[in-house]
Number of protein chains: 2
Amino acid sequence: MTTEVPQGAAAQDAEWLRLDRQICFSLHAASRAFNGVYRVVLKELGLTYPQYLVMLVLWEHGETPVKKLGEHLRLDSGTLSPLLKRLEAAGLVRRERSMRDERSVEVRPTEQGTALRARALRIPRRIMAATGLTLEEVHELHTRLDRLTTALDTAALEETPGCE
Amino acid sequence: MTTEVPQGAAAQDAEWLRLDRQICFSLHAASRAFNGVYRVVLKELGLTYPQYLVMLVLWEHGETPVKKLGEHLRLDSGTLSPLLKRLEAAGLVRRERSMRDERSVEVRPTEQGTALRARALRIPRRIMAATGLTLEEVHELHTRLDRLTTALDTAALEETPGCE
DNA sequence: CACTATTTAATTGCGCGCAACTTAATTGCG
DNA sequence: CGCAATTAAGTTGCGCGCAATTAAATAGTG
């Protein structure tokens, strides 16, 4: 089937490889550019971008077990444990073993951590301004990215055993 | 101006903070989901995602100085130097001081590195399949992301001194 | 009850990504 | 020419992100 047009197929493969380069770069670059803007804005709060994500969850939901944090952020304990330790060292959160289940660790913002929210309120507008996008465009991007993530996640699961 | 409706403004800020959480998560998650799919696919080539990006440039342009690689990939020597060292240890590239300018280091794929391209040709199609997107949608995403990156980069530069 | 299986955090190891610094070569200016 | 400024790589340090492993607590089963 594919042996019918070896030259054409090869040429198309090469074309796809170039396209791959394009889209890879775009995503990689956009992700890091976003990270860069947040880094600048968050520096005055003394937070890294992933630390900010954790605080966003805590501000919205209050005390949360590490497990739940991981589900919200799609991060495992290998990433969260040291990150939370640093947030605790900075005085922004407290970690306490749950009394009902000694395996679980509850994370809650300290008074200082809660107070930080007031200063964080100005951030989203600055980020929005930096993107140069309208609210509507952001919503659309949001939707697209979520769909993409879902597709990629399910594909990654099916890919593992050795598809094709 | 904004002092006219303090309650309303605060509520809106909170709303924006929730939105920020949404879009932050989306981007962060999408980026890592993409990375995850590539990780699975690239494992059989023995490459990490950033290493694959480097090889894509080398396959397309041949011998390239580290400086140019950095411009293509938006990466500095702090990231590239150890990465290239690993690629060289894997026998995929060679690094040689330029004769014309002893400051510059030329990177070129070895025979083995060039041969790897043949196996890489199948990757883009698998990635495309994983995204569940059409070619047109990919192109549109590509365009949007590039515009976004440009906007963010210029904003980051203007932001640094201490805007507002 | 004893004993295995599961669940939850934490730890270890490695590869980015980036800031800050160092070293060496080249350029440019007086 | 001589010497400061610039440029290119490399190094160091730190914080993710993730795979793999470990340790402890709980749940489930005979």
Side-chain angles (χ1 to χ4, degrees), chain A residues 24-25 27-40 42-43 46-54 64-71 73-90 93 95-107 153 156 160, chain B residues 24-25 27-40 42-43 46-54 64-71 73-90 93 95-107 153 156 160:
Chain A
C24 279
F25 287 8
L27 241 157
H28 208 61
S31 171
R32 285 182 298 132
F34 236 101
N35 214 303
V37 172
Y38 272 105
R39 186 179 305 114
V40 172
L42 290 174
K43 188 148 72 176
L47 292 176
T48 67
Y49 183 52
Q51 287 167 7
Y52 173 64
L53 297 182
V54 168
T64 310
V66 173
K67 169 77 172 172
K68 282 279 179 208
L69 273 177
E71 286 169 6
L73 301 168
R74 293 164 160 277
L75 292 173
D76 65 0
S77 64
T79 300
L80 284 176
S81 288
L83 188 157
L84 292 170
K85 211 182 270 185
R86 281 186 284 272
L87 282 182
E88 187 169 38
V93 308
R95 293 183 301 158
E96 290 172 355
R97 286 277 161 191
S98 166
M99 283 171 301
R100 295 190 319 191
D101 186 341
E102 287 279 333
R103 291 171 301 183
S104 179
V105 169
E106 299 283 339
V107 183
D153 279 349
T160 316
Chain B
C24 278
F25 287 8
L27 241 157
H28 208 61
S31 171
R32 285 182 298 133
F34 235 100
N35 214 305
V37 172
Y38 271 104
R39 186 179 304 114
V40 172
L42 290 173
K43 188 148 72 177
L47 292 176
T48 66
Y49 183 54
Q51 287 167 7
Y52 173 65
L53 298 182
V54 168
T64 309
V66 174
K67 169 78 173 173
K68 282 277 179 211
L69 273 177
E71 286 169 6
L73 302 168
R74 295 164 161 273
L75 292 173
D76 66 0
S77 65
T79 300
L80 283 175
S81 287
L83 188 156
L84 292 170
K85 211 181 269 184
R86 281 186 283 272
L87 281 181
E88 188 169 38
V93 308
R95 292 183 302 159
E96 290 172 355
R97 286 274 162 194
S98 167
M99 283 170 301
R100 295 190 319 191
D101 187 340
E102 287 278 333
R103 292 171 303 181
S104 179
V105 169
E106 299 284 338
V107 183
D153 279 349
T160 316

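Proteins get letters first, then strands, A, B, ... in listed order; numbering begins at 1 in each.
- Side-chain atoms of A/Ser31 and B/Ser31 include a donor-acceptor pair closer than 3.5 Å.
- Here the straight-line distance linking atom CG of A/Leu75 with atom CG of A/Leu83 works out to 8.0 Å at 0.5 Å rounding.
- Rounded to whole angstrom, the span from the CD atom of B/Glu102 across to the P atom of C/dT26 amounts to 6 Å.
- Considering only side-chain N and O atoms, A/Ser104 lies nowhere under 4.0 angstrom from the phosphate OP1 or OP2 of C/dT7.
- Map B/Asn35 and B/Val105 each onto its nearest nucleotide of DNA chain D; the residue landing nearer the 5' end is B/Val105.
- Atoms NE2 and CZ, on B/His28 and A/Arg74 in that order, are 11.0 Å from each other to the nearest 0.5 Å.
- Taking 4.0 Å as the cutoff to heavy atoms of chain A, we find the contact window on DNA chain D bounded by D/dG15 to D/dT26.
- Judged purely by atom type and a 3.5 angstrom limit, A/Arg97 uses its side chain to pair as donor or acceptor with the backbone of A/Arg103.
- Of the candidates C/dA9, C/dT26, C/dC18, the closest approach to any side-chain atom of A/Arg39 belongs to C/dC18.
- Rounded to whole Å, the distance from CZ on A/Arg32 to C1' on C/dC18 is 10 Å.
- Between the CZ atom of A/Arg100 and the C1' atom of C/dT8 there is a distance of 15 Å, rounded to whole Å.
- If you measure from atom CZ of A/Arg103 to atom P of C/dT6, you get 13 Å, rounded to the nearest angstrom.
- Taken to the nearest 0.5 Å, the CG atom of A/Asn35 stands 10.0 Å off from the CG atom of B/Leu27.
- Of the two residues near DNA chain C, A/Glu106 and B/Pro50, the one whose nearest nucleotide lies more 5' is A/Glu106.
- In this entry the distance linking CD of A/Glu71 with C1' of C/dT7 reads 12 Å, nearest Å.
- Considering only residues two or more places apart in sequence or on other chains, B/Arg39 meets the side-chain hydrogen bond (donor to acceptor under 3.5 Å, both in side chains) condition with none of them.
- A heavy atom lying under 4.0 Å from DNA chain D marks the following residues of residues 79-89 of chain A, by number: A/Thr79, A/Leu83, A/Arg86.
- Using modelled atom types, one side-chain atom of B/Asp76 and one backbone atom of B/Thr79 make a donor-acceptor pair closer than 3.5 Å.
- In this structure, the side chain to side chain contact (heavy atoms under 4.5 Å, CB included) partners of B/Thr64, at least two apart in sequence or on a different chain, are B/Leu58, B/His61, B/Lys68, B/Leu69.
- Summarising the geometry, the separation between CG on A/Leu75 and P on C/dA9 is reported as 13 Å, rounded to the nearest angstrom.
- Taking the nucleotide of DNA chain D with the nearest heavy atom to each of A/Ser77 and A/Tyr49, the more 5' of the two is matched to A/Tyr49.
- Of the side-chain N and O atoms in A/Arg95, one or more sit less than 4.0 angstrom from OP1 or OP2 of C/dA10.
- Note that CZ of A/Arg86 is 7.5 Å distant from OG1 of A/Thr48, once rounded to the nearest 0.5 Å.
- B/Tyr49 meets the side-chain hydrogen bond (donor to acceptor under 3.5 Å, both in side chains) test with no other residue; sequence neighbours excluded.
- Looking at every heavy atom in both residues, A/Tyr52 comes nearest to A/Leu47 through CA-CD1, 4.1 Å.
- For the strand DNA chain C, secondary-structure stems (runs of at least three Watson-Crick or G-U pairs, all distances below 3.5 Å) span C:1-30 with D:1-30.
- Here the CG-NZ distance, from A/Leu80 to A/Lys67, works out to 11.5 Å after rounding to the nearest 0.5 Å.
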